[in-house]
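Indexing begins at 1, ligand by ligand and atom by atom, following the structure's order.
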Amino acid sequence: MQPAIHEGQLNGKGFRFAIVASRWNDFISSRLVEGALDALARLGVAEKAVAVYKVPGSFEIPLLALKVAGSKKFDAVICLGTIIRGQTPHFEYIAHEVTRGISQAGMETGVPVVFGIITADNLDQAIDRAGVKLGNKGFEAATTAVELVNLYKEAFEKDEG
Ligand code: DLZ
């Protein structure tokens with residue numbers, strides 16, 4: 001048996017993307033934004049088809065992601081932030097709520113909302129995951145977004161003919 005396999009292409013031409021990024025730990029988070037923009041450009045997305053929204057901390061990402069996804073102005077939303085485990089219980093609370101909220105934004109709107117949040121035990125680990133290109137979680141999240149918009153278009157919008 002050879003069933004049809006549906007897989008998204010890595011071609012961003014004609015699609016619109018929003019990045020929702022947190023400023024907390026900005027020396028790392030801004031590298032995620034750079035990585036995401038680099039990936040989108042490499043995959044053929046036009047500069048005017050990308051908008052970047054900034055929030056103070058990762059906890060604020062889910063609601064903005066929900067509103068941006070619900071605006072129907074974008075084909076996918078890429079969420080970027082850096083949560084580092086500290087001496088307080090904040091890490092668990094924030095990481096849990098951000099993860100749940102980002103998932104909810106996608107489920108409620110039907111728009112792909114991609115999780116590009118670094119959750120790290122320490123600063124070194126976070127820096128490692130915000131490296132250049134392939135080692136950059138922003139780059140990976142944007143690549144995932146491009147693949148997903150192509151998959152949804154191919155699987156659900158094309159005429160079967
Ligand atoms: C308060 C807080 C803490 C302790 N740690 C982080 C973090 O590691 N990463 C992050 O993005 N944000 C953190 N914040 C800020 C919260 O996300 C939020 O901005 C504030 O609690 C205000 O709602």
Do any nitrogen or oxygen atoms of [X] lie less than 3.5 angstrom from nitrogen or oxygen atoms of ligand 1?
X	answer
Ile84	yes
Phe59	yes
Thr82	yes

Flag side-chain contact, heavy atom, 4.5 Å: [X] against [Y]:
X	Y	result
Val146	Phe15	no
Val111	Lys72	yes
Leu63	Lys67	yes
Leu32	Asn136	yes

Under a single-linkage definition using a 4.5 Å side-chain heavy-atom cutoff for Ile, Leu, Val, Met, Phe, Trp and Tyr, are Val45 and Tyr53 assigned to the same hydrophobic cluster? no
Among protein heavy atoms, which lies nearest atom 5 (N) of ligand 1, and at what distance?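 For atom 5 (N) of ligand 1, the nearest protein heavy atom is Trp24 NE1, 3.5 Å.
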Closest protein heavy atom (residue, atom, distance) for atom 23 (O) of ligand 1: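 Closest protein heavy atom to atom 23 (O) of ligand 1: Glu60 OE2, 2.5 Å.
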Tell me the contacting part of Ser58 for ligand 1: side chain, backbone, both, or neither, using a 4.0 Å heavy-atom threshold, strictly below.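 Ser58 to ligand 1: contacts from backbone and side chain alike.
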Distance filter under 4.0 Å to Ser22 heavy atoms, resulting ligand 1 atoms: 11 (O)
Please list, in number order, the atoms of ligand 1 under 4.0 Å from a heavy atom of His90. 4 (C)
Salt bridge flag under 4.0 Å for residues Arg100 and Glu97: yes
Could you tell me whether atom 12 (N) of ligand 1 has at least one protein heavy atom nearer than 4.0 Å? yes
Donor-acceptor contacts, no H, no angles, side chain residues 115-127, under 3.5 Å, sequence neighbours left out:
residue, atom, partner, partner atom, Å
Asp121, OD1, Arg85, NE, 2.9
Asn122, OD1, Asp124, N, 3.2
Asn122, OD1, Gln125, N, 2.8
Gln125, OE1, Asp121, N, 2.7
Gln125, OE1, Arg129, NH2, 3.3

